[in-house]
Amino acid sequence: MHWLDAIWLGLVQALTEFLPVSSSGHLRLAHLLLEAHSDQDLLFDVLLHGGTLLAVVAVYRRDLSALLGDALSHLSTLPRAPRQTLEQSEGLRTLCLLALATLPTGILGLTLKPILEGDALGARAVGIALLCNAALLWSSR
């Protein structure tokens, strides 16, 4: 991959990650538009998302530290009184809800993995997926 392509893909990631759109879909379209195909596309996209995660952790490090500290301090009482512990610990409750919210995406991803792997996901399929995403976002207003 040429370094200019890497910069453009990084800009696409930066501009779309925090908007209610699919940054992964836009990255895929950018790869297709730039004709920047390589065996390392997935690795590069994962690194871009990892960089975004590091930026979020850096910005919210105090909040995350407080959340994790609260969760860890109440973790030992969870097996004895799960309901009271979750009511008392905002950190533990938030982490449990995050884990629960991640499950549907993981199940959907594993279910659709054979369909979405490789070069099978062309511009038309990504465009349709982005339009479906837009319709869902619009309907949830």
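These values consider heavy atoms only, across backbone and side chains, with no hydrogens, waters or symmetry-generated copies. Just so we're clear, the structure is a prediction, and the values are computed from it rather than from any experiment.
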Cluster overlap [X] with [Y], hydrophobic side-chain contacts below 4.5 Å:
X: W3; Y: L11; result: yes
X: L27; Y: I128; result: no
X: I107; Y: L112; result: no
X: L86; Y: L100; result: no
X: L92; Y: L67; result: no

**Item:** Y60 atom OH, neighbour heavy-atom count above 12 within 6.0 Å
**Value:** no
**Request:** Count the heavy atoms of every other residue, nucleotide or ligand shown that sit under 6.0 Å from CD of E90, and state whether that count exceeds 12.
**Result:** no
With side chains defined as the heavy atoms from C-beta onward, is the minimum distance between [X] and [Y] less than 4.5 Å?
X: H49; Y: E17; answer: yes
X: V56; Y: F18; answer: yes
X: L130; Y: V21; answer: no

To the nearest 0.5 angstrom, please state how far the [atom1] atom of [X] sits from the [atom2] atom of [Y].
X: S73; Y: Q88; atom1: OG; atom2: CD; value: 10.0 Å
X: L131; Y: W138; atom1: CG; atom2: CH2; value: 14.0 Å
X: L108; Y: L103; atom1: CG; atom2: CG; value: 12.5 Å

**Asked** Within the side chain of T85, is there an N or O that forms a donor-acceptor pair under 3.5 Å with the backbone of T77?
**Response** yes
**Prompt:** Could you go step by step and tell me if L15 and L19 meet the side chain to side chain contact (heavy atoms under 4.5 Å, CB included) rule?
**Reply:** CA-CA 8 Å; L15 294 173; L19 296 175; 5.6 Å; no
Might you point out which heavy atoms bring [X] and [Y] nearest each other, and give the distance in Å?
X: V12; Y: A30; value: CG2-CB, 4.0 Å
X: G25; Y: S22; value: N-OG, 2.9 Å
X: L9; Y: L48; value: O-CD1, 3.8 Å
X: L95; Y: A71; value: CD1-CB, 3.5 Å

**Asked** Which residues pass the side-chain hydrogen bond (donor to acceptor under 3.5 Å, both in side chains) test with D70, sequence neighbours left out?
**Response** H74, S89
**Item:** side-chain hydrogen bond (donor to acceptor under 3.5 Å, both in side chains) partners for T16, two or more places apart
**Value:** none
**Prompt:** Side chains of H31 and D45: is there a donor and an acceptor less than 3.5 Å apart?
**Reply:** yes
**Complete:** With sequence neighbours left out, the residues meeting side-chain contact (heavy atoms from CB on, under 4.5 Å) with L72 are L75
